[in-house]
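Notes for the one structure printed next.
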Amino acid sequence: AAWPVVVQPMVEPGVDLAVTVSGHPLVGPVVTVGPGGAATGMGATAAHVLPLTDAEARRFVAGLPGEPLADGLRERLEDLLLRVGALVEGVPELTGLELHPVIVSPGMAIVDAAVQVTPVERNPLPPVRRVGA
């Protein structure tokens, strides 16, 4: 009665985080990082307006409140945030994203993901950029 069975490998122990993206009416998409797992909503969260450069991702992760991450784990989280930022920039229909929990470890894993998409009108003309005087 339990067929088919799905067997998945266990995730290595690590730091549980929640990574979310939501739209702000004034500044656009904002990524937030805070405690995940059982501690969700109990600790401080940090937020950054997207898009995110590699230098901004480094400063953002270094300034996270709470448990510090080891050097290798910090780089893994920076990479995840850069990928999330690229996804949001490349898919304007993506209006909400919740990765919870993200287990930051050498074998980093996203345990659960929820995505919200909304149709958007696309302007067929490229945006005009001007240099201010």
Side-chain angles (χ1 to χ4, degrees):
W3 194 259
V5 175
V6 177
V7 178
Q8 296 178 323
M10 295 292 290
V11 176
E12 297 178 36
V15 179
D16 289 2
L17 294 175
V19 177
T20 61
V21 175
S22 58
H24 188 279
L26 296 178
V27 295
V30 176
V31 63
T32 60
V33 178
T40 303
M42 297 178 139
T45 60
H48 193 284
V49 175
L50 293 175
L52 193 64
T53 66
D54 56 345
E56 291 170 333
R58 195 171 305 113
R59 282 193 302 270
F60 183 50
V61 170
L64 287 175
E67 186 175 344
L69 297 169
D71 285 336
L73 300 183
R74 189 176 302 125
E75 292 166 358
R76 300 293 302 259
L77 181 58
E78 291 169 11
D79 183 55
L80 173 68
L81 293 175
L82 288 171
R83 290 171 184 260
V84 165
L87 176 66
V88 171
E89 188 173 351
V91 183
E93 293 87 359
L94 194 142
T95 55
L97 176 67
E98 183 178 344
L99 307 175
H100 174 251
V102 174
I103 301 180
V104 184
S105 66
M108 188 161 165
I110 299 170
V111 179
D112 189 30
V115 178
Q116 180 181 9
V117 292
T118 306
V120 294
E121 291 185 28
R122 294 181 186 256
N123 186 347
L125 301 175
V128 177
R129 295 186 177 183
R130 299 171 196 249
V131 177

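Side chain of E75 to backbone of G72: no donor-acceptor contact under 3.5 angstrom is found.
In this structure, T45 and P35 approach most closely via the heavy-atom pair CG2-CD, 4.4 Å. In this structure, A113 and L99 approach most closely via the heavy-atom pair CB-CD2, 3.6 Å. V61 and R74 get closest at one heavy-atom pair: CG1-CG, 3.2 Å.
At a threshold of 4.5 Å between non-hydrogen side-chain atoms, the residues L97 and T20 do not count as touching. No side-chain heavy atom of L81 sits under 4.5 Å from any side-chain heavy atom of E78. Two residues are said to be in side-chain contact when any heavy atoms from C-beta on lie closer than 4.5 Å; L64 and V33 meet this criterion.
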Report all side-chain donor-acceptor pairs from residues 102-112 shorter than 3.5 Å, counting only partners two or more places apart or in another chain.
unit_1, atom_1, unit_2, atom_2, d
S105, OG, G107, N, 3.4

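Between V21 and the options T32, T95, V31, a side-chain contact (heavy atoms from CB on, under 4.5 Å) holds for only V31.
Heavy-atom neighbours of E89 CD from other residues, nucleotides or ligands within 6.0 Å: at or below the threshold of 12.
A search for side chain to side chain contact (heavy atoms under 4.5 Å, CB included) contacts involving V49 returns V27, V30, not counting sequence neighbours.
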Can you list the steps and then say if T53 with E56 is a side chain to side chain contact (heavy atoms under 4.5 Å, CB included)? CA-CA 5 Å; T53 66; E56 291 170 333; 3.2 Å; yes
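Cluster membership check: V19 does not share its hydrophobic cluster with V11, using side-chain heavy-atom separations under 4.5 Å among Ile, Leu, Val, Met, Phe, Trp and Tyr. V120 and V91 end up in different hydrophobic clusters when Ile, Leu, Val, Met, Phe, Trp and Tyr side chains are linked at under 4.5 Å.
Here CZ of F60 is found 8.0 Å from CG of L77. Values are rounded to the nearest 0.5 Å.
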